[in-house]
Amino acid sequence: MKDPRPTPSRRPLSGAGPVLLKVPTDAAWLPHALAHFDEVLVDHAHCEKKAAANALSLLQAYPEVPGLPAQMARLAREESAHLARVLQLMEARGLTLTRDGGDPYAKGLQAHVRHGAHERRLDRLLVAAIIEARSCERLSLLAEGLTDAPLKRFYAELAQSEDGHQSLFFRLAAAAHGEDVAQARLEQLLTDEASVLVHVGLRAAIH
Ligand SMILES: [Fe+2]
Ligand SMILES: [Fe+2]
């Protein structure tokens, strides 16, 4: 007999894509983020802005990777649309965008990007994949924790979208460097990411 219950929605947190985070977000993050949600929203706007800018920066740097220019053009448009929607939510709450105070998490990860041109390309694509995976996890947590129905839907939708992006970046890394090389380097960077998280600590921010 067919089970009449609806299938639970796929939870990107548990590793739907190729980027399997080594550690889950600390349990203290969600209550902290919900208690300072306005701050998180402003930080979120900056994250989407940087995601759009990074897509164009990768397009500029690596047009030779098959499929990358078209994918990054599409991604920049999608991340810009996310940014516009976050700005709209901010406006509705009477919030204005302040200067970008920087993202110690992204900076911490970027410090692991190697310098040789070949290695740098691989690492930049994989770091982008990891940031998308962590963002996906955090946005899913917000979707679960928020009580306002439209906000819950918004964050669930964005989490799904960022989940697609982590796969996209990994696919590009594998296309450019080979699946095995990309996978091995991803493993190392994921270990680095776990220590970056500890170093960054608890912030009223997406990361
Ligand atoms: Fe986004
Ligand atoms: Fe994204």
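Ligands are counted one by one from 1 in listed order, and the atoms in each one are counted from 1 as well. Everything quoted here is computed from the prediction, not taken from an experiment. FYI, the numbering just counts along the sequence from 1. Only heavy atoms go into these numbers, but all of them, side chains included; no hydrogens, no water, no symmetry mates.
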Worked check of side-chain hydrogen bond (donor to acceptor under 3.5 Å, both in side chains) between E162 and S135
CA-CA 7 Å; E162 313 306 359; S135 303; over 6 Å; no
Evaluate H177 against R121 for side-chain hydrogen bond (donor to acceptor under 3.5 Å, both in side chains), listing each step before the verdict.
CA-CA 9 Å; H177 294 266; R121 185 177 70 182; 3.0 Å; yes
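For the Fe ion (ligand 1), the nearest N, O or S atom contributed by E79 is named OE1. Within E162, the N/O/S atom positioned nearest the Fe ion (ligand 2) carries the name OE1. The atom of E48 that is an N, O or S and sits closest to the Fe ion (ligand 1) is OE1. Take the N/O/S atoms of H82: the one nearest the Fe ion (ligand 1) is ND1.
Here E187 pairs with K22 in a salt bridge; the nearest charged N to carboxylate O distance falls below 4.0 Å.
The aromatic rings of F37 and Y155 lie perpendicular to each other, with more than 60° between the two planes, well past the 30° mark.
Atoms ND1 of H165 and OE1 of E132, as seen from the Fe ion (ligand 2), are separated by an angle of 100°, to the nearest 10°.
With no hydrogens or angles considered, no side-chain donor-acceptor pair links H112 and E193 at under 3.5 Å.
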